[in-house]
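This report refers to the structure that appears directly beneath it.
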Protein chains: 2
Amino acid sequence: MTGSETRPPTLEQVANYAGVSRATVSRVINGVQTVDPELRRTVERAIAATGYVPNLAARSLVTRRTDSIALVVSEPENRGYETPFLTRTFTDPYLGRVTAGAQEVLRPLGIHLVIFLADPPAREHVMRYLRQGHVDGALLISSHVDDPLPGQLVDLGVPCVLSCRPGQPVHTSYVDVDQRAGVRMAVDRLAGLGRRCIATITGPLDMPAAQDRLAGFRAAVAAHGQTHAPYVEGDFTRGGGERAARALLASHPDVDGVFVANDLMADGALRVIQEAGRRVPDDVAVIGFDDSTAALECHPPLSTVRQPVEEMAGEMAQLLLTRIREPGRSPRSVIFNPELILRASA
Amino acid sequence: MTGSETRPPTLEQVANYAGVSRATVSRVINGVQTVDPELRRTVERAIAATGYVPNLAARSLVTRRTDSIALVVSEPENRGYETPFLTRTFTDPYLGRVTAGAQEVLRPLGIHLVIFLADPPAREHVMRYLRQGHVDGALLISSHVDDPLPGQLVDLGVPCVLSCRPGQPVHTSYVDVDQRAGVRMAVDRLAGLGRRCIATITGPLDMPAAQDRLAGFRAAVAAHGQTHAPYVEGDFTRGGGERAARALLASHPDVDGVFVANDLMADGALRVIQEAGRRVPDDVAVIGFDDSTAALECHPPLSTVRQPVEEMAGEMAQLLLTRIREPGRSPRSVIFNPELILRASA
DNA sequence: TTGAAAGCGCTAACAC
DNA sequence: GTGTTAGCGCTTTCAA
């Protein structure tokens, strides 16, 4: 109530108040069953009366657990995207879905999820935070082939799980969607619609996910007998999608089908394609990737390859928890199946 | 390197290795100047050799500081917005700007910024995290009038700074922009362009910021002799802006100027207005609020009221730091000046 | 079922 | 300038 110069109550004070030992209070707090129900009630009253809150530092000093895990979004270095890292991160629905999925499994277990953004100026800080034992482990959203963070954390002994296939081999678990299968579905659909000149707008090609989708695209169009596989590299942002679509329209005016490597870019592409006077899907059919909220906000609503991001994040959390509990076990990775969601754009 | 069943090295081990006392190692680690340079070097070698990392729990048990502060985004309860909380939060460039601004002042001081999302299922968790002394204080992004979180945290003695005028009086500092002055600039511009039927799309009217902007709008149009102040309530999302614009066009077909309470909604409104066959700015002039990255991605680029969010977040961090250092001092609040940014939409 | 006592790893007086 | 020592608040054997 008043300006708090006084220290918060300790276990000891609660024990004195209740007339029992520290050990007993500790047992009550931690829900140990072997406590006389009556005593338990006494202690609980004492806790309420004193307004006691356990001191986390003291607890984790002895238990060596913090009951919190980090969600780290990493970017290895500034690579001159138009849009800065933080803006990109907080503008893409992806991170919100990951958070939701991870919370879903962590919360019932009483485990806190703390979010960190590790762009170049902050990454050392974040590394230090993780090393110092502030958290029990980390979910890593690292999307660049040459990101050293995953390897560094593993070497440091911080339990980790990655959000997609790592660019370089790392001794840890990851979760991913079957990228090539997803792209295949999209291209099959476009071809099924009779499109003869199918192109793609890719993500940054230094990201494994973008590479996988491009490789999948090439294989898929080849399977349909299309001899060339036109593509323009984008950056996974809405603005990048606009720029890429403009370039694509200029270089391949005859394009009649586009697979765009994520929904945000697809939204931008849709705008540009229609401003150029082409009808969607009649003149140009468009399919995105993700099935994020952005897909529904597109005009027309976007057909897209669904990635079960929330489930995938939940699985990441699960994998991390077992990794924390059994550090000896060898890493397992889990691949999810994509699904084609048909709306109006293709 | 190998599976780490062994405990990490402690201060004591480093001391033994270097042949000095724990105190000396501690001094070196904490950069205390009164250490013989030679000894310092010896200790540093020992630290490197053992791979020592300070145990944070132990340290903060005695220092009562954690050198980390929380950025908490709060929403009091699920109020049936179309878009769920996490999606809204991770889709709006606002949070990225806040993070960037806060990091800017915190990082040089070696203070970690950890992000928490406190929607209804998570809020109890977050409260517990903050009470338990995991952080030294909190930057609170709480935008609803009836959000109890600020009051609760203050009562608990957690040092806080709010991101805008609180809905209910709370004994703590906040930072805000002069909302009414900002809206005034926008309306003056619209009126200066000769617009006679100026309307507004508001934010959720249970948010102080939205209320202030609507109040400012009413005052401003009245000052220009417009007798009515048409408005439609939006939700600060792109999709909400579209819905609101459709409603506005239906109810006030003669509208020729719109002040939209944030850029994201303005983007949606722009789309709808133009799809309805009106030209921007010729038929309908549009001005947004924020000057976020979304403003630049609009078609046409959006004229908007700039809010210096990064600076404001930096100031929040500053206020919080002094509050942590001098808990006795009475709270100060800081109001920033907005600025009108003219682009193509008005 | 409960209590006593021994630390967890670190910092901060206080002597030397 | 350096070492000794006494805790910080908690959990966890081990006895009782």
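To find a chain, count down the sequence lines: A is the first, B the second, and so on, and within it residues start at 1.
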Would you kindly give the [atom1]-to-[atom2] distance between [X] and [N], to the nearest whole Å?
| X | N | atom1 | atom2 | value |
| --- | --- | --- | --- | --- |
| Glu12(A) | dG9(D) | CD | C1' | 9 Å |
| Leu56(B) | dC10(C) | CG | P | 10 Å |
| Gln132(A) | dG9(C) | CD | C1' | 13 Å |
| Gln33(A) | dT2(C) | CD | C1' | 16 Å |
| Asp36(B) | dG1(D) | CG | C1' | 8 Å |
| Asn55(B) | dG9(C) | CG | P | 7 Å |
| Asp67(B) | dC10(C) | CG | C1' | 14 Å |
| Arg41(B) | dT2(D) | CZ | P | 12 Å |

**Complete:** Taking every heavy atom of Gly96(B) against every heavy atom of Leu86(A), the minimum-distance pair comes out as O-CD1, 3.9 Å

Examine [N]: is either OP1 or OP2 under 4.0 Å from a nitrogen or oxygen in the side chain of [X]? Give yes or no.
| X | N | result |
| --- | --- | --- |
| Thr24(B) | dG3(D) | yes |
| Arg7(B) | dG9(C) | yes |
| Thr10(B) | dG9(C) | no |

**Asked** Phe90(B) vs Phe90(A) aromatic rings, parallel, tilted or perpendicular, using cut-offs 30° and 60°?
**Response**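 Phe90(B) vs Phe90(A) ring planes: parallel.
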
**Request:** Return the orientation label for the Tyr129(A) and His134(A) ring planes: parallel under 30°, perpendicular over 60°, tilted otherwise.
**Result:** parallel

**Asked** With a 4.0 Å cut-off on heavy atoms, is Leu39(A) in touch with a base, just the backbone sugar-phosphate, or nothing at all?
**Response**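 Here Leu39(A) touches the backbone only, sparing every base.
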
**Prompt:** How far apart are the C-alpha atoms of Gln13(A) and Arg7(A), what are their side-chain angles, what is the distance that settles it, and do they pass the side-chain contact (heavy atoms from CB on, under 4.5 Å) test?
**Reply:** CA-CA 11 Å; Gln13(A) 293 171 33; Arg7(A) 291 191 177 176; over 6 Å; no

Quick test: give all pairs of protein nitrogen or oxygen and nucleotides 11-14 of chain D nitrogen or oxygen below 3.5 Å, distance rounded to 0.1 Å.
unit_1, atom_1, unit_2, atom_2, d
dT11(D), OP1, Asn30(A), ND2, 3.1
dT11(D), OP1, Arg59(A), NE, 2.9
dT11(D), OP1, Arg59(A), NH2, 3.3
dT11(D), OP2, Ser26(A), OG, 2.8
dT11(D), O4, Arg22(A), NH2, 3.2

**Message:** Counting C-beta onward and ignoring hydrogens, is there a side-chain heavy-atom pair between Leu321(A) and Leu109(A) closer than 4.5 Å?
**Reply:** yes

**Asked** Only one of Val158(A), Thr66(A), Ile111(A) forms a side chain to side chain contact (heavy atoms under 4.5 Å, CB included) with Asp136(A), so which one is it?
**Response**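 Result for side chain to side chain contact (heavy atoms under 4.5 Å, CB included) with Asp136(A): Thr66(A).
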
**Request:** Take Leu56(A) and Asp67(A) through the side-chain contact (heavy atoms from CB on, under 4.5 Å) test and state the conclusion after the steps.
**Result:** CA-CA 10 Å; Leu56(A) 253 273; Asp67(A) 288 327; over 6 Å; no

